[in-house]
Amino acid sequence: MASSWILFAIYLLTSLTTPVNGTHQQYKRSELFKLGENASLSCINKTWNQIIYILWRVSMNGVNCSITKEAHGPVYSSCSNRVTLYNKTSGESQLHIAHFQLSDEGTYHCEVAYNHGNYLLMIAVNAIVSPVLSAQLYSNGSHRFAVCSAHGGKPAANVSWEVWWSSPTITVQVRSEADTSSNITAWLELPDNVTRGNISCIATHTSWLDRRSVTLNLNEKQPSNGMKCVLKCLLNMQTFFHTDIITASLVIVLLCTVGVTLGSGLLLLIATKFLYNMRKMRICSKSNLSQNTDSKSAQSQEVEEVEPYASYVQRVNSIYNSSADLYGS
Ligand SMILES: *[C@@H]1O[C@H](CO)[C@@H](O)[C@H](O)[C@H]1NC(C)=O
Ligand SMILES: *[C@@H]1O[C@H](CO)[C@@H](O)[C@H](O)[C@H]1NC(C)=O
Ligand SMILES: *[C@@H]1O[C@H](CO)[C@@H](O)[C@H](O)[C@H]1NC(C)=O
Ligand SMILES: *[C@@H]1O[C@H](CO)[C@@H](O)[C@H](O)[C@H]1NC(C)=O
Ligand SMILES: *[C@@H]1O[C@H](CO)[C@@H](O)[C@H](O)[C@H]1NC(C)=O
Ligand SMILES: *[C@@H]1O[C@H](CO)[C@@H](O)[C@H](O)[C@H]1NC(C)=O
Ligand SMILES: *[C@@H]1O[C@H](CO)[C@@H](O)[C@H](O)[C@H]1NC(C)=O
Ligand SMILES: *[C@@H]1O[C@H](CO)[C@@H](O)[C@H](O)[C@H]1NC(C)=O
Ligand SMILES: *[C@@H]1O[C@H](CO)[C@@H](O)[C@H](O)[C@H]1NC(C)=O
């Protein structure tokens with residue numbers, strides 16, 4: 001017993017002070033586990049009657065812990081009590097992580113001394129997280145795009161578009177988020193002569209057995225050039241104020257209302273003053289009056305231009321809803 005402890009101490013000392021070289025090879029592996037599942041990590045294909053000791057050193061995001069056991073000795077652990085050593089029925093030792101969580105992601109080093117040598121293994125352990133799929137139409141002013149994204153997934157999903165016309169222009173953007181999840185976006189440029197029909201965004205992910213899809217219906221009325229301009233302004237406002245499209249449109253409607261009210265007030269004031277001056281100067285005001293009515297009809301046109309908005313906002317909303325339906329599935 002005492003001799004094996006000395007052996008253990010000597011081994012620890014040498015393994016910590018000498019770099020990994022030919023005498024004990026380091027092997028690398030990576031493993032993925034679903035959140036909430038029990039995870040098992042194998043280190044070496046040997047049973048306890050060949051093993052002198054096992055040491056697991058775990059380095060998780062900013063937190064280190066270790067768990068060690070000598071044959072016939074107790075287990076020493078500084079890890080969470082969800083992390084345990086257990087014996088497989090075949091006699092091999094494994095590290096067991098109950099209810100795998102995001103915080104368990106990290107590098108798991110296993111060191112084993114056995115009767116004929118020692119063994120080092122480094123396992124990169126990561127969680128599998130399903131992405132959320134969503135699709136919507138977008139216009140940058142001159143071109144229309146169908147945009148599909150799979151965000152929050154680990155590892156990254158595969159995203160593409162299925163369309164009926166040949167050689168579609170698809171650009172895939174891969175973005176890594178701060179939480180190490182990914183945001184994959186597939187931009188499909190819609191040709192000008194494609195204005196109706198259904199297109200599908202197809203995604204595959206490690207966590208899904210089958211591919212999944214979101215369908216966009218292009219049949220809705222496309223926005224006119226004027227609407228495109230307003231929409232672009234709306235989208236800019238949306239990103240500028242970090243708000244949703246409904247709030248942005250409410251703000252625009254508010255601004256327009258205030259603008260129109262102030263504008264007509266000002267016009268009224270000018271007109272009154274003008275008429276007053278006219279009367280004072282006793283000059284016929286027929287031509288000026290017609291000018292005044294012209295500007296009034298321009299105002300009512302402006303108001304009409306704002307109204308179709310509501311219907312467009314509704315449309316965007318319905319897409320949000322349909323993609324939200326997918327979250328649940
Ligand atoms: C374990 O080792 C034995 C021989 O020692 C070998 O036959 C067997 O295939 C190994 N199993 C694995 C899973 O590596
Ligand atoms: C954890 O261990 C790694 C090496 O495995 C080391 O670089 C790091 O400084 C340690 N972190 C803490 C907080 O002890
Ligand atoms: C696994 O086997 C070893 C050696 O026989 C024993 O010391 C240890 O208690 C066992 N561990 C568990 C969790 O049963
Ligand atoms: C996961 O591990 C825990 C504790 O080790 C155990 O109670 C539970 O039954 C295991 N669940 C599954 C699905 O194996
Ligand atoms: C819109 O997208 C097209 C195609 O990618 C590009 O050629 C064009 O410059 C973009 N227009 C604007 C205003 O960003
Ligand atoms: C994913 O990326 C796309 C394009 O880069 C962006 O429009 C979208 O907002 C991102 N989604 C999330 C949830 O960050
Ligand atoms: C769209 O127009 C292109 C030529 O600009 C043509 O090759 C293509 O077949 C048209 N697609 C459809 C769906 O009409
Ligand atoms: C598009 O999908 C809708 C249902 O979402 C369906 O009613 C319609 O027939 C489809 N149109 C085409 C051209 O496949
Ligand atoms: C994504 O696509 C690439 C190439 O088409 C393929 O090698 C890879 O296995 C795919 N990944 C998933 C998760 O389906």
Side-chain angles (χ1 to χ4, degrees), residues 35 102 127-205 207-208 211-249 311 313-329:
L35 295 182
L102 265 184
I128 297 176
V129 184
S130 297
V132 174
L133 260 191
S134 60
Q136 64 190 94
L137 293 174
Y138 170 77
S139 169
N140 75 353
S142 57
H143 288 72
R144 291 174 304 132
F145 298 90
V147 188
C148 182
S149 68
H151 70 88
K154 284 169 133 221
N158 272 1
V159 181
S160 194
W161 281 101
E162 244 177 33
V163 299
W164 66 86
W165 63 91
S166 57
S167 52
T169 311
I170 300 172
T171 314
V172 177
Q173 251 180 17
V174 178
R175 225 169 60 183
S176 294
E177 304 293 357
D179 64 359
T180 75
S181 73
S182 59
N183 179 5
I184 314 298
T185 312
W187 296 75
L188 166 71
E189 194 175 329
L190 295 171
D192 287 337
N193 57 358
V194 172
T195 52
R196 46 182 55 249
N198 294 333
I199 54 175
S200 297
C201 167
I202 308 294
T204 56
H205 189 260
S207 64
W208 301 331
R211 62 182 213 166
R212 297 200 179 173
S213 66
V214 199
T215 301
L216 263 191
N217 189 338
L218 300 176
N219 290 358
E220 279 108 355
K221 194 175 145 274
Q222 292 303 314
S224 66
N225 275 339
M227 280 306 296
K228 271 186 196 169
C229 187
V230 176
L231 183 68
K232 203 177 160 190
C233 170
L234 198 69
L235 285 169
N236 287 342
M237 281 193 60
Q238 193 187 346
T239 44
F240 185 74
F241 291 114
H242 300 285
T243 164
D244 62 303
I245 202 143
I246 293 169
T247 318
S249 56
S311 64
V313 168
Q314 191 60 48
R315 194 178 67 78
V316 170
N317 223 7
S318 74
I319 292 158
Y320 278 169
N321 283 347
S322 65
S323 55
D325 287 343
L326 269 144
Y327 295 13
S329 60

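Just so you know, ligand 1 is whichever comes first in the structure, and atom 1 is the first atom listed for that ligand. Residues take their numbers from the sequence shown, with the count starting at 1. This is a predicted model, so every value here is computed, not measured.
Within a 4.0 Å radius of atom 7 (O) of ligand 6, the protein contributes no non-hydrogen atoms. For atom 2 (O) of ligand 8, a protein heavy-atom neighbour is present inside the 4.0 Å cut-off.
Here the closest non-hydrogen pair linking Arg144 and Asp192 is NH2-O, 3.9 Å. The minimum heavy-atom distance linking Ala150 with Leu133 is given by the pair CB-CD2, 3.9 Å. The heavy-atom pair separating Trp208 from Ser130 by the smallest distance is NE1-OG, 3.7 Å. The shortest non-hydrogen separation linking Asn198 to Trp164 is O-CZ3, 3.3 Å.
Distances below 4.0 Å separate heavy atoms of Phe145 from the following atoms of ligand 5: 2 (O), 4 (C), 5 (O). Against a heavy-atom cut-off of under 4.0 Å, Glu177 is close to the following atoms of ligand 6: 14 (O). Interface atoms of ligand 5 facing Asn140, defined by a heavy-atom separation under 4.0 Å, are 1 (C), 2 (O), 3 (C), 8 (C), 10 (C), 11 (N), 12 (C), 13 (C), 14 (O). Every atom of ligand 5 with a heavy atom of Ser142 under 4.0 Å away is listed here by number and element: 1 (C), 10 (C), 11 (N). The distance from ligand 5 to the heavy atoms of Glu189 drops below 4.0 Å at these ligand atoms: 4 (C).
Among the atoms of Trp187, none of the N or O lies under 3.5 angstrom from an N or O of ligand 6. For ligand 6, the polar-atom distance check against Gln173 finds a nitrogen or oxygen pair separated by under 3.5 Å. In terms of polar-atom proximity, defined here as any N/O pair under 3.5 Å, Thr185 does make such a contact with ligand 6.
For atom 13 (C) of ligand 8, the closest non-hydrogen atom of the protein is Gly197 CA, 4.3 Å. Closest protein heavy atom to atom 10 (C) of ligand 6: Asn183 ND2, 2.4 Å.
Although no hydrogens or angles enter the test, the distance criterion places a donor-acceptor pair under 3.5 Å between the side chain of Asn219 and the main chain of Gly197. For the pair Trp187 (side chain) and Phe145 (backbone), a donor-acceptor distance under 3.5 Å is absent. Checked by atom type and distance alone, the side chain of Ser182 pairs as donor or acceptor with a backbone atom of Gly153 at under 3.5 Å.
In this structure, of Asn217, Thr215, Asn198, the residue bringing a heavy atom nearest to atom 11 (N) of ligand 8 is Asn198.
Between Leu190 and Leu137, the closest side-chain pair of non-hydrogen atoms falls below 4.5 Å.
When each of Ile128, Ile184, Asn158, Val129 is paired with His205, the side-chain contact (heavy atoms from CB on, under 4.5 Å) condition holds for Ile128 and for no other.
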